[in-house]
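Residues: numbered from 1 along the sequence shown. Counting starts at 1 for both ligands and their atoms, following the listed order.
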Amino acid sequence: MPDSPSTDPLGQASEASHAAALLLYGMQFAVFERDGPRHFTAVSAAPIWFERLTEREPATDPTALTEYFPALEGFLPMAEEFWQTASTQSLQSDFWTEADAEGIEYHLLAIAVTAGPRHFLAIERADATYINHQQLQLYAHEMVIQCETITRLNREVKRATQAKSEFLATMSHEIRTPLNAILGMADLLAESHLDADQQKYVDVFQRAGANLLGLINDILDLSKVEAGHLELESVNFELAEVIARVLELTRVKATAKALALGSSLAEDLPPMLIGDPPRLRQILINLLGNAMKFTDAGRLDVEVSRDPEDEHAGALLFRVRDTGIGIASDKLDVIFENFSQADSSTTRKYGGTGLGLAISRRLVELMGGRIWVESTLGQGSTFLFTVKLGVCDLPSLVAASHEAAARAVTTPTDLPVVHILLADDSEDNRFLIREYLKRTPCNLEFAENGETALGMMKFRHYDLVLMDAHMPVMDGYAATCAIRTWEQQHGGRPVPIIALTADAFKEAVDQSLSAGCDAHLTKPIAKATLVEAIRLHALACDQPPQSVPAPIAEAESSLSALAPRYLENMGKQLEVLRLAESLEDYGTIQRVGHNLHGTGASFGFPRITEFGIALEQAAKDRAMSKIRTAITEFEWYVQHLLAV
Ligand code: ADP
């Protein structure tokens, strides 16, 4: 091996080569040119490390390099392939470590390079790079371990939170049931003949019980949200009505405290929204309740406008203003935490648990918004929150139903004799619609699923089909498609089909319209809405129209008379649910839930509609713990109603 760089006849080139050789030496590179397969000649002076390593044992063929560095055995075949490609890049080996005769370690790296037709192999002493590389690998390894630990801890925390919330939800429920009986008894006792002392004891009994019930309900709500049990409803509602009801509830107390109460709704708000009105009401009542509690003089106001930071028409900004005691600036965030109050003396002075705002915050967040407060001590507070609600742009019927309802109470409808086929698997729904149409000239026939409906309409002419969307055997969408195909094949005049679903979302409307339905009604369906839909869509019949004497005015009262029968049936539904729960029969649970969803509110029990929605969704998600909770609450509710 030559120990000095080759010389060039031209002085300049020779000097450059010399400089290059010096540089390579200085950089501790040992550079070789490939003469043939596995055969190398040194092109620069060997650095000291190279000499120390090659001194260890004499090699039989020093040009082979692998005699000195067996680690190259693995790299050279790859380098040979690389050199054949004539690439202008370089190919680098993995690090390997050699020790000299004294045991000093050297971390080495080989690099294959092509320069025109010539092939070079450089071996570099790369201790510093090696150490960096090792450290990076160590960090990467630690990061992976840390990531795994964080993921595991996160999972454990979530599981623990879930378990805690489920425990709280169950406990609150279990406590609420006997507490209800206690409070009921206290009420009865209060109505009996008591002397002054006894009356005082019962007062305490009632007040403390009511506070406890309020606290338990709050905990139940909070744990429901935390455990993910609280699902928001999506129903059409009027914002103005929600605000009016909230103010109605607050007015008596405000008057007693001589506080003025006002509200203002911006003009550009959508008249009909889609969302969860009971939960929206709950947030507003919490905020107004606080405003009332912490205000001794002045006024309370509720204002609603479009959210200036969100263009969506359903994005709203609510403001609840008071002229009360105000909140210190360092407490403005804390008060939204669980069990948190601005001042330690608050409970003593004003009562409360510090849960109302925590619940409100969670509800607002579930509605896609945020809540915050602006306040000045001694001058008052303004609680602001945003929510993202759906805007009801259903084609015609929902909005029309209000006009219809208003019209229907004052004017008799002029329904013609209409032959209607109602396809619905729910006995309660069939019963409900029969009751609705009892005093109209409509002739109703029933089918329990889409397939039966299809068969019936092939043999008989109907003026209108009311088609429930979700049914066993053949659902309403499939049945509508099949009816439309049959009509095309047989040249029949298309029968108007009105879809009935519990789903108010636009997708459900689109789905029924694209299946071939003419209109879509969202359950729970008011009688006026149904009658109006029939009037709008039923075909003109041969018989002359007959006027119906004041059908609507008596409708709702006739239904409320049927409530006991409906509740009795709820007992049966409960048994079915319990059985289905033990068999994990999600299909039945979903069907019963769907039935409750569609009928509860119509019979005057909106809470049953809520249970129905929860059961239906939980069965769809196969969420057994949610199903159990919903059934338990439903059972409690029905028992309570039956006991009243
Ligand atoms: P609670 O009212 O039951 O204590 P909340 O979570 O509703 O619980 O409220 C938390 C705390 O925030 C209250 O205890 C009170 O200190 C403060 N707070 C809430 N609303 C107002 C308000 N309108 N004016 C002054 N302080 C308020």
Pairing of Arg607 and Glu610 as salt bridge, 4.0 angstrom limit: yes
Considering only NZ, NE, NH1 and NH2 on the basic side and carboxylate oxygens on the acidic side, decide whether Glu616 and Arg591 come within less than 4.0 Å. no
Gly326 near ligand 1, heavy-atom distance under 4.0 Å? yes
Minimum-distance pair of heavy atoms, taken over all atoms of Ser381 and Val373: CB-CG2, 4.3 Å
Show which atoms of ligand 1 fall inside a sub-4.0 Å distance from at least one heavy-atom site of Ser381. 24 (N)
Hey, can you tell me if His594 and His470 have their rings parallel, tilted or perpendicular (30° and 60° cut-offs)? perpendicular
Asp322 neighbourhood, listing ligand 1 atoms whose heavy-atom distance to it stays under 4.0 Å: 22 (C), 23 (N)
Here the atoms of ligand 1 under 4.0 Å from any heavy atom belonging to Leu355 are 6 (O), 8 (O)
Non-neighbouring partners of Arg155 that pass salt bridge (charged side-chain N to carboxylate O under 4.0 Å, His left out), sequence neighbours left out: none
With a cutoff of 4.0 Å, is Ala291 in contact with ligand 1, counting heavy atoms of the residue only? yes
How many angstroms lie between CG in Leu377 and NZ in Lys331, if you round to the nearest 0.5 Å? 11.0 Å
Are Phe383 and ligand 1 in contact, using a heavy-atom cut-off of under 4.0 Å? yes
Between Arg321 and Glu303 (salt bridge meaning N to carboxylate O under 4.0 Å), is one present in this structure? yes
For Asp310 and His312, indicate whether the former's side chain and the latter's backbone hold a donor-acceptor pair under 3.5 Å. yes
Nitrogen or oxygen atoms of Leu357 and ligand 1 under 3.5 Å apart: yes
Using a 4.0 Å heavy-atom cut-off, which part of Lys331 comes near ligand 1: side chain, backbone, both, or neither? neither
Can you tell me which portion of Thr295 lies within the under-4.0 Å heavy-atom range of ligand 1? Options are side chain, backbone, both, or neither. neither
Report yes or no: does a heavy atom of Asn286 sit under 4.0 Å from some atom of ligand 1? no
With heavy atoms of Lys293 as the reference, note each atom of ligand 1 found under 4.0 Å away. 1 (P), 2 (O), 3 (O)
Pick whichever of Thr323, Val320, Ile359, Ile327 has a heavy atom sitting closest to atom 25 (C) of ligand 1. Ile327
